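Before any comments, here is the structure.
Sequence lines set the chain letters: A, B, ... in the order given, protein chains first and strands last, and positions in each chain run from 1. Since we're looking at a predicted model, the values are computed, not measured.
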Number of protein chains: 2
Amino acid sequence: MPKHAKEMEALKAHLGKHQLKYTRQRELILDAFLQQEHITAEEMYHQLAKKDPHLGLATIYRTLNLFCEAGLAQARHFGTQTQYDNISHKGHHDHLICTDCGKIVEFENCEIEKLQEEVATRNGFTISTHRLELYGLCGRCRH
Amino acid sequence: MPKHAKEMEALKAHLGKHQLKYTRQRELILDAFLQQEHITAEEMYHQLAKKDPHLGLATIYRTLNLFCEAGLAQARHFGTQTQYDNISHKGHHDHLICTDCGKIVEFENCEIEKLQEEVATRNGFTISTHRLELYGLCGRCRH
DNA sequence: ATCTTATTGAGACGATTTATCAATTTCAAT
DNA sequence: ATTGAAATTGATAAATCGTCTCAATAAGAT
């Protein structure tokens, strides 16, 4: 049984529903993508540079956007680049960031997420992912 | 007394501290900016196109970035563009963002903020600001 | 008023992403 | 297995967004 059978089925379902085709390139990109928490198109391009067949950068972009439409990925614009987040790893997108030394601490808090759901429901939204960043000074930099 | 006296003072304080100058352009852009919840550089460029003096797009970008450094604005990347959020009266700015149509709903939730403080304290951080974005589908786009 | 320094506007530039298009591949129907 | 219509690919051109450059101008201290 392949490593990412569940996600591969989800992709195939989406392809079938939209008269799209299952290609070797899409399989390669899916495999690489599911091993990451998040990745940019450029990073993936270099990661897969040596694979056969050779993958063009345009194909990487097209395929990552396809994953977004299929519900496997979510694009997030950070700085000048676009990060493609792996939805199946979701839940760990929260960060404490020290504005002085740049230190980043990851955390997860179920209570906050419950409250987020409440806010979303109250506004008619269905949340697929979120991003929470707390900026401040870490213990060492406060002195 | 000018409409945005408080914010203008905050800007002047920042300018003074960094040997920067208070120009007619910066005043115009500040006035326009404070009347918005959030705006892109391009939108502001068109809004101010008829003003005297004429404002170059580069100046708009430079000035909005200056506002970020001065703590009056916060940049947020959505879609292909950068939104500059007005954080001058609200100390924070939380968003529900529809990933389909781009609709943005603003909200605030004291309980979430209390929990954020707890997380920060537990990790030795002192928070100065934060960013919370919930991504998903709005009611209209869910069908 | 003068002088130093920051700022401006216009356009060049750089980085990222999308559009174009001929050649190739998929896949359903023979 | 072969065929053939339709989707996909890779290379590159083009578009988009934001920053950089630089000569001219404006701010503000002396």
At the 4.0 Å heavy-atom cut-off to chain A, mark where contacts on DNA chain C begin and end, going 5' to 3'. C:dT16 to C:dC27
Atom pairs, N/O to N/O, protein against nucleotides 25-28 of chain D, distance under 3.5 Å?
residue, atom, partner, partner atom, Å
D:dA27, N3, B:K21, NZ, 3.0
D:dG28, OP1, B:Y22, N, 3.0

Who are the salt bridge (charged side-chain N to carboxylate O under 4.0 Å, His left out) partners of [X], not counting sequence neighbours?
X	answer
A:E7	none
A:E9	none
A:R122	A:E118

Examine the side chains of A:Q83 and A:H38 and answer whether a donor and an acceptor come within less than 3.5 Å of each other.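 Distance-only check passes for A:Q83 and A:H38.
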Could you state the atom-to-atom distance from [atom1] of [X] to [atom2] of [N] in whole Å?
X	N	atom1	atom2	answer
B:Q83	D:dG18	CD	P	10 Å
A:L11	D:dT8	CG	C1'	14 Å
A:Y45	D:dT9	OH	P	15 Å
A:Q19	D:dA5	CD	C1'	12 Å
B:R76	D:dG18	CZ	P	13 Å

Can you tell me if the side-chain N/O atoms of A:H54 get under 4.0 Å from OP1 or OP2 in D:dA11? yes
Under 4.0 Å from any atom of DNA chain D, heavy atoms only: list the residues of residues 57-72 of chain A that qualify, in numerical order. A:A58, A:T59, A:R62
Taking every heavy atom of B:C98 against every heavy atom of B:C138, the minimum-distance pair comes out as SG-N, 3.4 Å
Let me have the donor-acceptor pairs involving side chains of residues 46-64 of chain B, under 3.5 Å, with sequence neighbours excluded, atom names and distances please.
residue, atom, partner, partner atom, Å
B:H46, ND1, B:E42, O, 3.2
B:Q47, OE1, B:Q36, NE2, 3.3
B:T59, OG1, B:R62, NH2, 3.3
B:T63, OG1, B:T59, O, 2.7

Under the side-chain contact (heavy atoms from CB on, under 4.5 Å) test, which residues partner B:E117, sequence neighbours left out?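 With sequence neighbours excluded, B:E117 shows a side-chain contact (heavy atoms from CB on, under 4.5 Å) to B:I127, given in chain and number order.
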Taking side-chain contact (heavy atoms from CB on, under 4.5 Å) as the definition, give me every residue that meets it alongside B:N123, ordered by chain and number, with sequence neighbours left out.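 side-chain contact (heavy atoms from CB on, under 4.5 Å) check on B:N123 returns A:L96, A:V105, B:V119, B:F125.
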If the condition is ring pair (Phe, Tyr, Trp, His ring centres under 6.0 Å), which residues does B:Y84 pass it with, not counting sequence neighbours?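 Scan of B:Y84 (ring pair (Phe, Tyr, Trp, His ring centres under 6.0 Å), adjacent residues dropped) gives none.
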Could you check whether any side-chain N or O of B:D85 sits under 3.5 Å from a backbone N or O of B:I87, counting only pairs where one atom can act as donor and the other as acceptor?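 No; judged by distance alone, with no hydrogens or angles, the pair does not exist.
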Under 3.5 Å: donor-acceptor pair, side chain of B:R142, backbone of A:G124: yes
For the helix from C:dA1-D:dT30 to C:dT30-D:dA1, how many degrees between its two end axes (five pairs per end), to the nearest 10°?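 It works out to 40° between the end axes.
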Only pairs under 3.5 Å count here: list side-chain donor-acceptor contacts from residues 13-29 of chain A, not counting sequence neighbours, and write none if there are none.
residue, atom, partner, partner atom, Å
A:H18, ND1, A:H14, O, 2.9
A:T23, OG1, A:R26, N, 3.1
A:R26, NH1, A:K21, O, 2.7

